[in-house]
Amino acid sequence: MNPFFSIKSGLALVLSLSLMPTAVFAAEPTVQPLPTLTYEQALEKARTHSSDLKDLQDYADFLQKTKEDLWDSVGYFNTITYEYQKWVNDVWYTITSAAYQTDSGMKQNAYTKELTELALQATVKSYFTTIFTNLDSLKLAQKNAEVQKALYQQGQVKNRMGLLSKYQLDQLEIASKKAQDNVTLLENALEQEYMKLNGMMGEKPEVRFRYIYDVAYAPYELKQTLDQYIVEKTKNDPSIKLRELAFDNAKFNRNYLPESWDGSQDNRNEMTYDQAKRAVKTAKENKEFAIRNAYLQIQQLETVYASAQADLKKAKGDLRAAEINYKVGNLKKIDVAQAELGVLNAENALRKNMYNHDMLIFSFEHPALLGNDTAGNQKQ
């Protein structure tokens, strides 16, 4: 079902009453317009409904209470330095270690929340992009189904006149059926996207909206060199910060030890430290590659956009020519319909490029979404 189309009003019911000589017609039910839904509204609904964000907030509250309890018990909340290996009194170690672990947990929770927020934004944006792309595809498929049906009907006439073989007619019938099946498949795909987005927002599956999603196209301009951009983004990327935090935790476990330490875990702690250090380096290298690759993809899409504009201009010219030739009798109406199909196809290609361009820029500007480095997002 297409959410941009109002629901058709039902036929008036005819009530035949035995005590009245005339039929009484019930009033047509009032059709309520679909409520509008913008990307921003959908995102807010998704935030409110997100169990992940609720869990992270619960954990943040727990850590804050733990910090306050530590403060109340010893009168302060200190985080210690651990740049070199040292042994401390067991009681002091217990207190300072608890403070360190709490502080580290608060940082990790904050970074994880930032990543979760970004993932939520990207997912909602992806649903809107998919919905609008599928709506364009459905409109194109419906137009194509009309054309294929008309060609089949013409074929039936030609077959009766002996101008078309039975085999050729069968092929037209198959093409018409396939075109209509494609419409059904796209309608079903849209229904699935609506339900998935509704589930994310906490709405009932059957609820529908009139979706508002304004995407304006403009070539992307980087305000600094790409190298400067990579340094800045890598420094503030929460996925990188999680890797760095894991390294800090490994360094703490390696260097800050109680007097009762027997050294049984030294080799394991050293291995964990080395692995965490390498993981930070690898994550930064992978992030740099992902950012550079995304920037190249943006430029590629902009090249394709220029080509798609030319294709649309040509399709519109072909349509004008077809309309003129139809008026003077050189072409049939079906030829004009096929030219209209060409314009619609070119328009869809241009809009799809715009949606992809917008989505890629969003990821480029939030590079925590780039790549598949999820290992850093683990509780230490």
Side-chain angles (χ1 to χ4, degrees), residues 1-5 39 125-155 171-172 174-190 193-194 210-221 294 296-364:
M1 185 179 83
N2 189 333
F4 289 103
F5 299 151
Y39 163 74
K125 196 173 186 67
S126 177
Y127 279 136
F128 267 72
T129 295
T130 302
I131 284 171
F132 274 76
T133 300
N134 284 358
L135 282 169
D136 283 344
S137 297
L138 178 58
K139 184 178 178 182
L140 179 64
Q142 289 170 333
K143 180 67 175 178
N144 183 56
E146 292 174 5
V147 171
Q148 294 301 324
K149 182 180 179 180
L151 288 171
Y152 174 55
Q153 290 172 338
Q154 284 187 0
Q171 295 304 304
L172 289 174
I174 291 171
S176 179
K177 186 178 184 305
K178 282 185 177 180
Q180 187 55 53
D181 288 344
N182 192 37
V183 171
T184 302
L185 289 172
L186 285 169
E187 288 174 340
N188 291 338
L190 267 170
E193 293 302 313
Y194 297 149
R210 184 168 65 86
Y211 300 89
I212 307 296
Y213 190 49
D214 296 324
V215 175
Y217 178 86
Y220 188 71
E221 294 184 17
L296 286 174
Q297 289 179 335
I298 290 172
Q299 294 175 315
Q300 288 169 354
L301 283 176
E302 290 174 359
T303 301
V304 173
Y305 183 84
S307 177
Q309 282 183 310
D311 290 342
L312 177 57
K313 183 177 180 180
K314 179 181 182 303
K316 287 182 176 179
D318 292 342
L319 175 58
R320 286 192 294 271
E323 289 172 336
I324 292 171
N325 278 280
Y326 171 68
K327 288 179 181 179
V328 298
N330 292 334
L331 292 177
K332 300 189 238 5
K333 191 173 182 179
I334 190 65
D335 297 315
V336 176
Q338 288 177 317
E340 290 172 343
L341 196 62
V343 171
L344 195 58
N345 186 52
E347 288 175 341
N348 285 3
L350 195 64
R351 277 195 296 269
K352 185 176 182 179
N353 180 283
M354 288 174 60
Y355 295 138
N356 290 339
H357 185 258
D358 176 72
M359 191 76 202
L360 188 55
I361 288 174
F362 181 80
S363 297
F364 180 74

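Computed from a prediction, not measured in an experiment: that's the story for all the values here. Just so it is clear, the values below take in all heavy atoms, side chains as well, and ignore hydrogens, waters and symmetry mates.
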**Report entry** Single hit among Gln142, Lys143, Glu146 for side-chain contact (heavy atoms from CB on, under 4.5 Å) with Val183
**Finding:** Gln142
**Report entry** Geometric cation-pi criterion, Lys333 with Tyr326: 6.0 Å, 45°
**Finding:** no
Report task. Determine, stepwise, if the pair Leu190 / Leu135 fulfils side chain to side chain contact (heavy atoms under 4.5 Å, CB included). Result -> CA-CA 7 Å; Leu190 267 170; Leu135 282 169; 3.6 Å; yes
Query - Min side-chain heavy-atom separation Tyr152-Gln148 under 4.5 Å - result: no
**Report entry** Test item: Asn325 side-chain N/O and Ala321 main-chain N/O as donor-acceptor pair under 3.5 Å
**Finding:** yes
Query raised in the report: So, the side chain of Thr129 versus the backbone of Lys125: is there a donor-acceptor pair under 3.5 Å, distance only?
Result: yes
Requested in this report: Kindly indicate, with the supporting measurements, whether the criterion side chain to side chain contact (heavy atoms under 4.5 Å, CB included) is fulfilled by Lys352 and Asp136.
Outcome: CA-CA 9 Å; Lys352 185 176 182 179; Asp136 283 344; over 6 Å; no
Report task. Might you work through the side chain to side chain contact (heavy atoms under 4.5 Å, CB included) test for Gln297 and Leu301, ending with a clear yes or no? Result -> CA-CA 6 Å; Gln297 289 179 335; Leu301 283 176; 5.7 Å; no
Query raised in the report: Parallel, tilted or perpendicular: which fits the ring planes of Phe128 and Tyr213, with parallel below 30° and perpendicular above 60°?
Result: tilted
Requested in this report: Could you label the plane-to-plane angle of the Tyr220 and Phe364 rings as parallel, tilted or perpendicular, counting under 30° as parallel and over 60° as perpendicular?
Outcome: perpendicular
Query raised in the report: How about Tyr211 and Tyr127: are their ring centres within less than 6.0 Å of each other?
Result: no
Query raised in the report: What is the minimum heavy-atom distance between Ala308 and Leu350, and which atoms define it?
Result: CB-CD1, 3.5 Å
Query raised in the report: Please walk me through it: do His357 and Val304 pass side chain to side chain contact (heavy atoms under 4.5 Å, CB included)?
Result: CA-CA 10 Å; His357 185 258; Val304 173; over 6 Å; no
